[in-house]
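To start, the structure itself, in structure tokens.
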Amino acid sequence: MGKMRVLLSGYYGKGNGGDEALLATLLQMLPSDVTPVVLSGNPEETHQRYGVECYNRMAFLQVIKALRSCDAFIWGGGSLIQDVTSVISPFYYGGLMALAQVMNLKTVAWGQGIGPLLRPQTRFLAKRNFSGCMKVSVRDRSSSRLLSDWSIPHILAPDPVWALESKPVPELADLPKPRIAVTLRNHPQLTETRLVNLTQALVNLQIETQAFILLLPFQKSEDLGIAEKIQTQLQDVSKIICLEEPQLLKGVFRGVKMSIGMRLHSLIMAASEGSRCFALSYDPKVNRLMEDLEIPGWDLKDLPTDIDLISKTWIDYYNKSESLSSEKIQSLIDGAFLHRDLLKEALK
């Protein structure tokens, strides 16, 4: 009997730090007697980084060939099944899952954040997909409620990335402390005016706290331009750090006193490394995390227009707040390992 081959599907190979972290965590959690095969937007790069067999996620014939060669199929974490940022996304991932189920592969939905699902046809497809899975794990309460409404058995556990092993980042050694990390992304709700106001508030925060600002693009194509704009106002007291390897991206937050983030996984990584977090939400998944962890923040569309109010809120939070307790962090990490137990069960 050869090794079981498992096809992993997610938003991989697109240069998105959060999705790459989910892939790295999934590879870390797979049973050792399993051979992973990955569908990627950049198969060469994914192969180089993780040393796994890869196929182009958009090349239909390659995808079919990969499915035929595998015994199991996994949706590998993240908000794959939602129709807010993309109408195509739920049909692409849902179509793959349906194919895998028709071909009698073992199917697993792993570390999912489901929804919002606004259209009846995407809801219908999602319900069928999840019903056909051998095992399902979700990362937030609202996904769990939806599956419960559909009477689909599942486990609820913290986002798998809580359990990703982090590595220290050598280039940080010479940078001043204390540090504040900032991760903003390109988005219609981050208007020019809001970006100008946030940048000015950051300048005020830096002057008041004398902290060194780390600007962390999680997806270069979406985040780097914004980091560069902010840096023009914080020249000698900030540095843009672009990291591709998920373990290093998580390690960047070691010793960071406060993190201001739009991206979900920037907040999860920061919180798990003991940084206090302030969220700027552009998506329901960020609001869910704020609710689950009681992280303060603003919806971008409700961002105060008064720069002094933003600065003062941040300065107070920097001076007076606590990060999550080490017990709380450990319980979230332990909880995230439930996603590993589920894989072990499913891939026996």
Does [Y] offer a backbone N or O that forms a donor-acceptor pair with the side chain of [X] under 3.5 Å?
X: R49; Y: E44; result: no
X: T232; Y: K229; result: yes
X: D299; Y: D302; result: no
X: H339; Y: T25; result: no
X: H265; Y: R263; result: no
X: N129; Y: G94; result: yes
X: E244; Y: G15; result: no
X: S137; Y: G111; result: yes
X: Q206; Y: V237; result: no
X: R179; Y: L175; result: yes

Give a yes-or-no answer on whether the side chains of [X] and [Y] include a donor-acceptor pair shorter than 3.5 Å.
X: D334; Y: Q330; result: yes
X: E20; Y: N16; result: no
X: S259; Y: S275; result: yes
X: H187; Y: D283; result: no
X: S40; Y: N42; result: no
X: D223; Y: N186; result: no
X: Q48; Y: Y50; result: no

Side-chain ion pair, [X] and [Y], N-O less than 4.0 Å:
X: D292; Y: R141; answer: yes
X: D149; Y: R145; answer: no
X: E53; Y: R5; answer: yes

Legend entry - Gap separating the CD1 atom of I230 from the CD atom of Q235, nearest 0.5 angstrom: 13.5 Å

Inset, instruction - Starting at CG of L146, measure out to CG of L117 and round the result to the nearest 0.5 Å. - result: 6.5 Å

Any side-chain heavy-atom pair from [X] and [Y] closer than 4.5 angstrom?
X: V256; Y: E273; result: no
X: W110; Y: K135; result: no
X: L80; Y: Q112; result: yes

Inset, instruction - Please indicate whether E294 has more than 12 foreign heavy atoms, meaning atoms of other residues, nucleotides or ligands, lying under 6.0 Å from its CD. - result: no

Inset, instruction - Examine K257 relative to Y318 and say whether NZ or CZ is less than 6.0 Å from the centre of the six-membered ring and inside a 45° cone about the ring axis. - result: yes

Legend entry - Ring-face cation of R57 near Y12 (centre distance under 6.0 Å, axis angle within 45°): no

Inset, instruction - For residues W75 and F130, establish whether the separation of their ring centroids is below 6.0 Å. - result: yes

Legend entry - Pair W162 + F337: ring centers closer than 6.0 Å: no

Inset, instruction - Report the residue from Q247, K250, R254 that forms a side chain to side chain donor-acceptor pair (under 3.5 Å) with S166. - result: R254

